[in-house]
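Lettering of chains follows the sequences in order, A, B, ..., and the numbering in each one begins at 1.
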Amino acid sequence: MKKSKILLLVIGLMVFKNYATAQNVNWASLEKKQQHILNINAGLDYGLTYGVGYGHQLKSKLPIIINGEYSFPSGNKIVDDFKTKIGGSIRYAKVNNFLFTAKVYGVFRRYQNTLSRLVNFGSDMSVAAGYYKKKWHVAGEVGFDKAIVTHFKHSQLYKNNFPGVQDGWYEPSTGGNFYYGIQTGISFKQHDIYLKAGRMLTQDFTTTPLVPFYLQLGYNLRMGK
Amino acid sequence: MSLKIIKKVSIFCILLSACTKERKINDSGFLVPKTVVEDLSLPSITVNGAKFHAEAFGPADSAIILVLHGGPASDYRYLYNCKEFANQGYRVVFYDQRGTGLSQRFPKSHYKSVQQLTDDVNAIIAFYRKVPTQKVFLLGHSWGGILASAYINRHPATVNGAVIAEPGGLKWKDVKDYIDASRKMKFTSEALNNATYLDQFLTGKENEHEILDYKYSMLSSTGDESNVVGNEGVLPQWRPGIVLQNAYFDIAERENPDWTDRFLRSFTTKVLFVYSERNTAYGLAYAQKVSAAFPNVQLFKTLGAGHDMLSFPTGWNNTYPVMLSYFNSLK
């Protein structure tokens, strides 16, 4: 069961990479020749996080960017927790300056403390609609971050308290959070500076994560001949 | 040739999937231990409409020391040192409070008032008290100290003495201020991110006890940086009960309880009030402020220990003789 989910996820990622992706870009200022997009960002994403990303604009009829991102939370152990995303974004509709976009990512993330280590495969899907001009944009977005399947491995410290704990893959899906908010930014020459922020809700709509909102300040460098 | 390879790969995949044991995230016994409802081999008693994980040591008819653990989402395992009083002739009673430890779980809507927990204390005492003249002492740590005080506030005649160790406060506002002070963490710290980053891996619904209890147990990982309360390490515990804690936090926010408002100030028996040297969120001034609600107090500072002074060797060795002497003086 768990393997089939992983397989589906891998297949999903392979499919998605052919269609879509990425960072928060100003679609109105993105030129066809600008195939490479480098990104750095910092913000609140289940904690204070820092991230980098790379996007590649495909030569397609509809604007499509495939990309990969890596982020990690602050703390004195940098490599024990992280999140990677691979996927894409597509601008699928345009009415004058109003643009409609969608993002689909496969997510691989890791968490470790002194008691356990969790490795998770998940997905992050969102849609956005907004007003885009060459030098600025503002849009609203709504999305869902799903933890599909998670592997647990516990330290001796946890086993001292509960020797019967069972390491391994767990099902059904171990979590999910909805998010909604706004994104805005300014663009000049090859550069975008953007800010996105919003609220988060757990999938039962009754509770929130400990950090019930997200925030990201980012910078894109668009390159290409 | 290619057909053979496909066959081999297929057989390998079938064998691999057969070897994988399926684990359900919302079942007890996988990530968190089973409760007394699911594991009938655990010691338990049923009183006041709930099944409690409970144990007692020492002569059944001697003076009772009822141990009340903190949290409230904790359990009595970290207070097992108190079994030593049984060797001194006391009847030492431990129980995991309603909805936590290995005691029975209830949905959040089950919890109506903090009085439910003082009623449980009453029922536990009644269960273990074999003769009406049997003396009863309370030993409450942290939240357990608040619960002991709340019980004395309602039933002063039932109690012959109490050790109260670092309760957050005996009025809700004091408790909240103490929680804020004791959980102060740097925004960029590993400890804070260890607590918050987990939310993208695990989300439990309001009454999914297994997931929520497991998530809460992860908070006991210190992250190496958060040591305001001065503990020496991770406490031994069975299983927290976060639904209960969330419920009582909501109730307390609504009711703004004052656990000194009835008979506490007329409880003239001496109370031993313990605080620790290394808990920087507590200290002498705060201990004096909180303990002032008792008319007759002996303040004791445990040297070389933090908030969980009864669990780690230095704190226990420094506090036990004073507690024993106190109980013996009232026996």
Side-chain angles (χ1 to χ4, degrees), chain A residues 1-4 44-49 72-77 80-81 83 107 109-116 118-120 122 124 145 147 150 152 154-155 157-158 160-177 200 202-204 206-212, chain B residues 13 16-17 19-34 39 75 77-78 108 186-208 210-212 214-215 217-225 233-240 246:
Chain A
M1 180 62 187
K2 295 163 285 292
K3 285 184 183 57
S4 60
L44 292 172
D45 179 24
Y46 305 101
L48 180 61
T49 59
F72 61 92
S74 67
N76 59 2
K77 296 170 189 165
D80 62 340
D81 310 315
K83 175 157 65 178
V107 180
R109 49 195 150 198
R110 185 183 192 276
Y111 170 89
Q112 186 168 18
N113 64 14
T114 55
L115 301 171
S116 71
L118 277 63
V119 172
N120 167 262
D124 187 347
D145 175 8
T150 304
F152 292 73
H154 295 87
S155 69
L157 199 58
Y158 190 80
N160 289 344
N161 273 344
F162 180 32
V165 66
Q166 294 197 23
D167 293 343
W169 293 100
Y170 275 77
E171 62 176 17
S173 96
T174 54
N177 293 297
M200 303 187 85
T202 54
Q203 57 189 354
D204 67 351
T206 58
T207 54
T208 63
L210 285 172
V211 181
Chain B
C13 288
L16 192 66
S17 61
C19 290
T20 307
K21 190 174 176 182
E22 296 202 347
R23 299 169 188 86
K24 303 285 185 190
I25 190 78
N26 43 11
D27 280 355
S28 285
F30 289 99
L31 292 175
V32 289
K34 293 177 178 178
D39 183 352
D75 58 51
R77 188 174 177 183
Y78 79 97
K108 194 176 178 188
K186 282 184 189 168
F187 190 60
T188 57
S189 70
E190 183 79 18
L192 184 61
N193 278 301
N194 273 346
T196 58
Y197 207 62
L198 185 59
D199 277 333
Q200 61 191 301
F201 294 78
L202 279 172
T203 54
K205 293 176 185 168
E206 187 175 81
N207 293 313
E208 286 185 328
E210 289 76 18
I211 297 173
L212 297 174
Y214 178 78
K215 271 185 82 174
S217 71
M218 289 297 110
L219 297 186
S220 59
S221 170
T222 61
D224 306 328
E225 294 173 5
V234 175
L235 284 176
Q237 66 168 359
W238 283 296
R239 173 176 167 176
N246 288 340

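- There is no contact between Ile211(B) and chain A, counting heavy-atom distances below 4.5 Å.
- Of the listed residues (Asp45(A), Asp81(A), Thr207(A), Asp145(A)), the greatest number of heavy-atom pairs within a distance under 4.5 Å of chain B belongs to Asp81(A).
- In this structure, Lys215(B) and Asp199(B) have side chains that are in contact, with non-hydrogen atoms separated by less than 4.5 Å.
- Most heavy-atom pairs under 4.5 Å with chain B, from the set Leu210(A), Val165(A), Asp204(A), Asn161(A): that is Asn161(A).
- Heavy-atom pairs under 4.5 Å with chain B were tallied for Gly175(A), Ser74(A), Gly47(A), Ala147(A); the largest tally goes to Ser74(A).
- With a 4.5 Å cut-off on side-chain heavy atoms, Tyr46(A) and Met200(A) count as touching.
- Heavy-atom distances place the side chain of Arg77(B), and not its backbone, under 4.5 Å from chain A.
- Both the backbone and the side chain of Leu118(A) come within less than 4.5 Å of a heavy atom in chain B.
- Under the 4.5 Å side-chain criterion, counting only non-hydrogen atoms from C-beta, Arg23(B) is not in contact with Phe152(A).
- Put simply, the side chain of Met218(B) does not reach to within 4.5 Å of the side chain of Asn194(B), judged on heavy atoms.
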Start with the C-alpha distance between Thr114(A) and Ser155(A), add both sets of side-chain angles, then the distance that settles side chain to side chain contact (heavy atoms under 4.5 Å, CB included), and finish with yes or no.
-> CA-CA 7 Å; Thr114(A) 55; Ser155(A) 69; 5.6 Å; no
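- For chain B, the option among Asn177(A), Thr206(A), Thr208(A) with the highest count of heavy-atom pairs below 4.5 Å is Asn177(A).
- If you look at Tyr214(B) and Tyr170(A), their ring centroids are not closer than 6.0 Å.
- Among Leu198(B), Leu202(B), Thr203(B), the residue making the largest number of heavy-atom pairs under 4.5 Å with chain A is Thr203(B).
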